[in-house]
Every structure is written in structure tokens, then in C-alpha cells.
There are 4 protein chains.
Amino acid sequence: MAYRETEKMRERKARARQNIIERTWECVAEGGFRSARITRIAGLAGVATGTIYRHFESREDLFAEIFRLATQREVDKVAEALNVYGNAVERLDNALRKFAQRALKGPMKAWALIAEPVDPKVEEERLVYRKAYASLFEQAIRDGIAEGCIPDQNARLASTCLVGAISESLVGPLSPTQTDIPPGQDNNEDELVNTIVCFCIRGLTGTRS
Amino acid sequence: MAYRETEKMRERKARARQNIIERTWECVAEGGFRSARITRIAGLAGVATGTIYRHFESREDLFAEIFRLATQREVDKVAEALNVYGNAVERLDNALRKFAQRALKGPMKAWALIAEPVDPKVEEERLVYRKAYASLFEQAIRDGIAEGCIPDQNARLASTCLVGAISESLVGPLSPTQTDIPPGQDNNEDELVNTIVCFCIRGLTGTRS
Amino acid sequence: MAYRETEKMRERKARARQNIIERTWECVAEGGFRSARITRIAGLAGVATGTIYRHFESREDLFAEIFRLATQREVDKVAEALNVYGNAVERLDNALRKFAQRALKGPMKAWALIAEPVDPKVEEERLVYRKAYASLFEQAIRDGIAEGCIPDQNARLASTCLVGAISESLVGPLSPTQTDIPPGQDNNEDELVNTIVCFCIRGLTGTRS
Amino acid sequence: MAYRETEKMRERKARARQNIIERTWECVAEGGFRSARITRIAGLAGVATGTIYRHFESREDLFAEIFRLATQREVDKVAEALNVYGNAVERLDNALRKFAQRALKGPMKAWALIAEPVDPKVEEERLVYRKAYASLFEQAIRDGIAEGCIPDQNARLASTCLVGAISESLVGPLSPTQTDIPPGQDNNEDELVNTIVCFCIRGLTGTRS
DNA sequence: AATGAATGAGACTTCATTCAT
DNA sequence: TATGAATGAAGTCTCATTCAT
């Protein structure tokens with residue numbers, strides 16, 4: 001019979017691609033981009049290595065795509081969290097909390113997106129990502145300055161401080177090698193997030209929240 | 001006499017070892033640990049690759065040693081900066097400024113010590129390093145709380161936030177991909193350091209400094 | 001009616017095959033056999049790669065067929081050019097000129113047919129092709145010897161020399177790497193053809209034409 | 001004991017390199033550059049693949065070196081053959097004969113040097129090689145014109161014809177697939193060389209030698 | 001009969017480490 | 001003790017061919 005079920009095949013192909021993407025993201029979640037081998041990804045996805053190359057031009061391109069997708073998801077979440085009802089400080093508080101919570105859930109993923117050294121094409125995506133974050137926070141800070149709830153300051157630099165404080169505070173300390181921190185009240189995730197966000201908000205506003 | 005010979009040899013060996021260490025640190029300053037090749041290190045040091053292995057068990061061990069030494073130097077600087085006359089906030093301000101300035105002078109070094117992904121043995125050293133920093137800042141924060149110039153808070157977590165905010169703010173923004181930030185007042189190194197340190201101090205104290 | 005259907009299908013199939021052949025020859029004209037990818041041929045022909053394999057057993061078989069057809073065309077041209085009115089030398093002069101001119105018009109094609117290294121099955125076809133040429137020229141040379149306008153000699157070997165001299169003189173010098181020959185009178189195509197053909201005729205006749 | 005026998009090792013290394021070169025040339029003699037695999041070369045040489053890369057930057061560089069060496073040998077032989085006592089025609093006759101005889105001894109080698117499509121770096125060497133040949137023959141032809149034993153003509157073009165006629169006449173017909181030409185007087189190597197060289201000389205001089 | 005996604009062997013290359021000298 | 005040539009596992013990528021649809 002003729003090959004008419006193009007639709008079905010297209011779907012199947014899309015599924016295969018999606019599968020590769022998900023398996024790749026799994027690998028990245030395990031050890032970052034650098035240690036995600038094409039052979040391992042193919043193995044996990046249950047396809048031949050060549051198949052990866054039918055869906056993506058190169059390892060770098062695959063990673064760039066993964067990065068783009070994961071990043072978009074994160075930025076969207078932050079944008080959404082900034083979009084609640086309230087003044088700028090409240091909205092920033094909400095967004096920072098969201099950002100921190102998500103990073104805590106997948107530290108290696110967060111690290112891969114934020115700090116892992118990557119190839120040029122992926123780094124290019126990261127630049128876009130950083131700019132997206134910077135823009136979001138920066139605008140919210142500007143709003144706060146206009147509203148009078150945040151003192152006048154260099155909004156751009158401040159937004160970088162926010163991302164930095166949270167990233168390192170969460171990603172750094174929680175990286176695999178650091179999970180030996182003795183458990184206790186201090187390690188309670190909620191308190192961790194709370195403390196960091198308070199630090200950030202105070203850093204911005206200069207007031208005890 | 002035989003003893004003198006041995007003495008001489010020991011000294012010579014120590015010099016060789018020191019030389020390898022210094023050349024390795026140079027390589028790391030260029031491109032981080034990952035891109036520091038044994039062959040290049042040997043080349044710079046003017047010895048054979050095999051000689052490296054007479055002084056260090058493996059590349060990883062060499063790097064761990066490098067890390068340990070570099071780290072100690074940094075921690076010492078911060079400790080020294082914390083040791084000035086003044087109240088806790090002033091001392092922390094001084095230390096954070098020192099930390100930020102040093103990171104700015106050698107961003108790649110700072111990145112290698114703070115954020116570059118490294119092999120387990122090196123990561124182990126990093127943990128020690130983080131703890132050393134944490135301890136120093138933590139103690140200063142506790143002092144501040146006791147003095148009443150810093151509000152009561154989780155000192156350990158706060159110290160992590162400090163390191164994180166500064167690291168990412170400096171190492172991140174100054175990484176190669178971010179050098180396209182348009183030059184201007186904002187890029188002035190002093191202002192950069194100033195802004196970040198203020199953010200940190202406010203984050204700690206909750207007051208506009 | 002069933003028969004008519006079959007007839008129509010046969011025709012359609014023949015057209016598809018012809019299309020594949022023409023597109024393949026285009027690819028060969030671009031970069032020779034070696035760089036003619038099945039995927040590219042299929043793309044140009046507007047069919048799937050699998051379809052190629054419905055018409056030809058393998059890439060090698062496809063190339064062998066292409067070679068056979070192209071070759072036949074060339075040999076026919078030479079045969080035709082040898083078939084003019086005149087003595088053997090004049091007829092050979094005419095044929096060599098034709099041969100040279102055609103090679104000049106499509107150097108890559110000529111190179112693919114004459115000199116490109118190819119797989120066994122294609123090489124087999126090349127043998128046939130060479131023999132066809134040899135036979136044509138050989139017969140003309142024999143005619144010339146009989147007519148007395150060409151001195152007695154090994155006609156078969158002489159015919160090989162003719163093909164060789166022209167092929168290399170045209171295909172070799174016109175290959176991409178040699179296009180840096182400074183332009184001028186020497187590069188005039190007509191003069192080039194003229195010189196080579198004269199060389200060949202002199203080689204045969206031993207007289208200054 | 002200290003590593004003092006640098007001389008010995010240098011010699012050994014040179015031998016290893018020489019060995020690789022010879023084994024590579026063997027591979028080329030079997031199937032040309034294209035089919036000479038690094039793994040096979042390493043296997044023949046009895047070394048690891050990595051060893052090849054200690055002596056040569058890349059496969060292409062190795063081939064370029066092989067080409068350079070083989071080429072130099074050939075050009076030297078021709079230069080030497082042109083350097084005998086006699087007039088230009090006699091010297092050319094001698095050189096062409098030498099050239100033809102050598103090509104006959106190793107057709108695949110000759111083909112690899114003359115006509116096989118190769119990577120850019122190797123092609124670059126070929127250009128040098130072609131120029132060297134062209135220069136040698138061209139000068140001899142000019143000498144002949146000056147001496148009056150060769151009629152005035154485009155010496156450069158003529159020299160190309162010579163190389164072409166011989167190359168194709170010998171390399172083409174004698175390639176592996178063509179060895180099924182029935183043996184007989186015609187296939188006698190001496191006669192073959194003789195015929196081709198006569199053809200060439202007549203092509204140049206326009207006289208029956 | 002046509003499709004084209006999937007296959008997977010095989011090619012080149014890198015570089016930390018070893019060991020005869 | 002120092003040397004550095006040699007090692008070889010491991011990585012990415014290509015492309016002719018197959019086969020379920």
C-alpha cells in the first residue's frame with residue numbers, strides 16, 4: 001500500500017525527537033552538558049546514534065535546543081510569578097521565591113543552565129536567557145523605584161546581583177558534593193529559600209522586611 | 001656528605017614541584033582547570049610530562065593541590081581584611097570589597113575556584129574552601145548580631161548568600177560572553193564593586209548604608 | 001483495461017528512472033561520482049532515497065548505469081566526427097577536436113568518465129568505454145596507415161596515446177587547482193584545443209601539420 | 001639512570017616515523033590515498049593509531065608529507081634523466097622513457113601522484129609537483145627550440161601534453177581493472193614505453209624519429 | 001510501488017597515563 | 001630521577017542501505 005500515512009509518521013517522528021530531547025535533559029540533569037554523551041543519550045532513548053543526527057545537526061545543536069527549551073520554561077515561570085497582584089517588592093519576592101524553589105528541585109539542571117561552561121552555540125542561548133532574566137528583574141526593580149518602594153539604584157546591576165545571589169546560594173551549596181551538610185533546621189528547604197529571598201529583598205530595599 | 005647531597009636533591013625536587021605548581025596555576029588562569037593540559041603544563045615548566053607524574057599522582061591530584069594552595073591564599077586575604085579595626089559591618093564591608101576586587105582582577109581564576117566544574121578530588125577541596133569562607137563570614141555576621149549592628153538571622157546561610165551574590169555578580173558578568181555590555185559609568189570597576197558590596201551589606205543589615 | 005493500467009505504470013516507472021539518471025548525472029557534473037550522495041540525488045529528483053533502490057540495486061549499480069549512458073553518448077559523438085568526408089588524418093583531426101571541445105565544456109564530467117577513481121562495477125564500464133574509444137581511433141589509424149597518410153605503427157597503442165594526451169591535457173590542467181594559470185593568449189580555449197590536437201596529429205603522423 | 005640517550009631515542013623516533021611513512025606509501029600503492037585508513041597504516045606499522053598523530057598533525061598532513069617525498073623522488077629522477085649528454089630531443093627522449101618506466105612499475109602510485117583526487121593540502125603539494133615537471137620539460141623544450149631540433153611552439157602547453165600523454169597512456173590502461181588485456185607482443189612493456197615515447201617525441205618534433 | 005526515519009559500522013582524532021631508556 | 005614516545009579507550013559524526021508503513 002502506498003505510503004500515505006504521512007501524518008502518523010510525522011507524529012511518530014515528532015515523538016522520537018521529543019524522546020531524544022527528554023532523554024538528553026535527563027542526562028544533563030545527571031551531570032550537566034559536558035558529561036552528556038551522544039552514545040548514552042541514544043542508549044537511553046533506545047535509538048541508534050545516527051538517529052540523533054537525523055533530528056539535530058550536531059551535539060552542540062542538540063544541546064542548544066535543550067537549553068532553549070529548558071530556559072524558556074524557567075523564564076516563563078519567573079515572568080508569571082512577577083505578574084501577580086501587588087507592589088513591585090511583593091512581585092519580586094514572589095518571583096525570587098519561585099526561582100529559588102525551582103532551582104532547589106533540580107540543582108544540576110539549574111547549574112547547567114546558569115553556570116556550566118558550554119560550547120559557543122549553547123553559550124549564545126545562555127546570553128539570551130540571561131538577558132531575559134535581567135530584563136524581567138530589571139523592569140520590576142524600575143517599577144519599584146517608580147512606586148517608591150525600592151530606593152533608587154542601578155537596576156541592571158541589582159538584577160544581576162539577585163540572580164547571582166540566588167544561583168550561587170542554591171546551586172553552589174547544593175551541588176552533589178555538598179549534600180553532606182548535616183541535616184537540621186538550617187537545611188530545611190523552606191527556610192533556605194526564605195532566607196535567601198529575604199537577603200535579596202533587603203539588598204534591594206534596604207529595609208527589614 | 002652523602003647527607004648534603006640528599007639535602008640538595010630534596011631542595012631541587014621541591015623547587016621543581018613549586019615550578020610545576022606555578023605553571024599549572026598560570027594555565028588555569030588562562031582557561032580554567034578543564035583546559036589545562038598536562039602537556040602544556042609540562043611545556044611551560046620545561047619538564048617532561050612524565051616528570052609531572054613524579055611529583056603528583058595524577059592530573060586530578062595536581063589540580064587538587066593547586067586548588068588547595070590558591071584557595072588558602074584567598075581565604076587568608078579575606079581573613080586579613082576581616083581583621084581590621086571597626087564594627088562587624090565595617091569589617092565585613094572591607095572583606096567583601098577585598099573579595100570582589102580580587103575576583104575582578106583575575107576573573108578566570110575566580111571562576112575556576114568558585115564555579116568551574118571539576119573532578120571529585122578537586123571538588124572536595126572546594127568544599128573545604130567554601131567552608132572556610134563560610135566560617136569567616138559567618139563568624140563576622142555573628143559578631144555583628146552580638147554587637148547589634150546586624151539584625152538576628154541565620155548567619156551561616158547569610159554568609160553563603162554573600163559569597164554567592166559576589167561570585168555570580170562578578171564572575172558571571174565578566175565571563176567572555178558578557179563583555180558586550182556597553183561601556184560606560186556602569187562598567188566602571190569601582191562602581192561595580194561598590195554596588196555589589198552595598199547590596200550585600202543591605203542584604204545583611206536591612207538598612208540603607 | 002488492466003493491461004492499459006500496467007502500460008501506464010511501466011511508462012511512469014521508466015520516466016521516474018530516467019529522472020533519477022538525469023539528476024545523478026547532474027550531481028556527477030558538479031563533483032564527480034565520489035561526492036554524489038544518494039540523499040542529494042533523491043532530493044534533486046524529488047523522490048525518496050528508498051525509491052532510488054527500487055530502480056537500482058545499489059549506488060554502484062546506479063553509477064555504472066550513468067557511466068554507461070554518458071559514455072555511449074561521448075563515443076557516439078566521436079564516431080560521428082570520424083565519419084566525415086576526408087582522409088584518415090583529417091577525420092582523426094576532426095574527431096580529436098570534437099573530443100577535446102566536449103571535454104572542455106564539461107571538465108568535471110570528462111574527469112569523472114576518464115580519470116576519477118571509481119568502484120569496481122563502474123570501472124568495468126570504463127573499460128568498455130576505453131575499448132570503444134580505442135576501437136574507433138584504432139580503426140581510423142589503421143585506415144590512415146592503409147591510405148599512406150599515417151606511418152606504420154601500433155595502432156592500438158597509438159589510439160591510447162591520443163586519448164591520454166587529450167584527457168590529461170584538458171582535464172588535468174583545468175582542474176580547480178590549476179585555474180591560477182595567468183590568463184592570456186595561452187588560455188584561449190581555441191588555441192588550447194588547437195595545440196593539443198596538433199600535438200596528437202604530429203605524434204601520429206610525424207609531420208608538421 | 002638518567003635519560004641521556006637522547007641520540008638513540010631520536011634515531012628510534014626517526015625510524016618509527018620512517019616506518020609510518022613507508023607503511024603509508026604501501027597502503028597508497030594498494031589503493032590510493034583515499035582508501036588508506038589510519039587504522040590500517042597503524043596496523044601495518046605495528047603502532048597505535050595515536051602514534052601516527054605524534055608524528056603527523058593529521059591524516060591530511062601525513063598524506064601531504066608522503067606526497068612530497070614520493071614526488072621529489074620522481075622529479076629528481078626526471079631531472080637526472082634530462083641531464084645526460086645529447087641534444088634536447090635526446091634528453092627529452094631519455095626523460096620521458098624514465099618517467100614512463102617508473103610509472104609502469106607502480107601504476108597505482110603513479111595514479112595517486114598524478115590523478116587521484118586528494119584533499120586540499122595534498123593537492124597543494126601536487127601543484128608544486130606539476131609545476132616542477134612542467135618546468136623541467138618546458139625548459140628542455142625551449143632548449144630544443146633554441147637548438148633548432150624542436151620546432152617553435154608553446155613550450156608550456158607542450159610539456160603538459162607530454163605529461164598527460166604518458167600518464168594517461170600508462171596509468172589509465174594499466175590500472176588494476178585493465179590487466180585483463182590479453183598478453184602478447186603488444187603488451188610487452190618495452191614496446192609500450194617505446195611507442196608512447198615515440199608518440200610524444202613526434203608530437204613535439206613533428207618528425208619520424 | 002513509494003516513502004523516509006532509522007540504522008550502525010566505521011572513520012578520524014584527543015589526551016591522560018605508562019614505561020623502556 | 002627524568003624523559004617523552006607510545007598507548008588506546010573513548011568521543012563525535014557520516015552515509016549507504018533497510019524496512020515498516
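In what follows, chains carry the letters A, B, and so on, assigned in the order in which the sequence lines appear, proteins first and then strands, with residues in each chain numbered from 1. Keep in mind that the numbers below use all heavy atoms, side chains included, and drop hydrogens, waters and symmetry copies.
Between its opening and closing five pairs, the helix from E/dA2-F/dT21 to E/dT21-F/dA2 changes axis direction by 20°, a value rounded to 10 degrees.
The closest donor-acceptor contact from the side chain of A/Glu116 to the backbone of A/Phe33 lies under 3.5 Å.
The distance from atom CG of B/Asp119 to atom C1' of E/dC15 is 14 Å, rounded to the nearest whole Å. At whole-Å resolution of the value, CD in A/Glu57 and P in F/dC15 are 13 Å apart. In this structure, the CZ atom of A/Arg10 is 18 Å from the P atom of F/dT21, given to the nearest Å. The nearest whole Å value for the distance from the CZ atom in B/Phe56 to the C1' atom in E/dT17 is 16 Å. Rounded to an integer number of Å, the gap from C/Arg40 CZ to E/dG4 P is 18 Å. D/Arg34 places its CZ atom 12 Å from the P atom of E/dC12, with the value rounded to the nearest Å. Look at NZ on A/Lys8: it is 15 Å from C1' on E/dA5, rounded to the nearest Å. For the pair D/Met9 CE and F/dT3 P, the computed distance is 13 Å after rounding to whole Å.
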Quiz prompt | Steps toward salt bridge (Lys or Arg N to Asp or Glu O under 4.0 Å) verdict (B/Glu60, B/Lys121) | solution = CA-CA 7 Å; B/Glu60 212 176 337; B/Lys121 276 186 183 168; 5.4 Å; no

Exercise. Decide salt bridge (Lys or Arg N to Asp or Glu O under 4.0 Å) for D/Lys8 and D/Glu11; before the verdict, give the C-alpha distance in whole Å, the side-chain angles of both, and the deciding distance to 0.1 Å.
Key: CA-CA 5 Å; D/Lys8 201 171 170 183; D/Glu11 197 183 300; over 6 Å; no

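Along DNA chain E, the nucleotide nearest to D/Tyr53 and the one nearest to B/Ala36 differ in position, and the one closer to the 5' end is contacted by D/Tyr53.
Under the 4.0 Å criterion applied to side-chain N and carboxylate O atoms, B/Glu65 and B/Arg17 are assigned as salt-bridge partners.
The CZ atom of C/Arg126 sits 8.5 Å away from the OG1 atom of C/Thr71 when rounded to the nearest 0.5 Å. With rounding to the nearest 0.5 Å, the separation of CD1 in C/Ile66 from CG in C/Leu62 is 5.0 Å.
Under the side chain to side chain contact (heavy atoms under 4.5 Å, CB included) criterion, D/Leu44 pairs with D/Arg23, D/Glu26, D/Cys27, D/Arg40, not counting sequence neighbours.
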Quiz item: With the sugar-phosphate defined as primed atoms, P, OP1 and OP2, and the base as all remaining atoms, what B/S/- string results for nucleotides 6-11 of chain F, 5' to 3', for protein heavy atoms under 4.0 Å?
Solution: BBBB-S

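Annotation: B/Phe56 is not in aromatic contact with B/Phe63 [ring centroid separation under 6.0 Å not met].
B/Phe67 and B/Tyr129 have perpendicular rings, their planes meeting at more than 60° on a 0 to 90° scale where under 30° would count as parallel.
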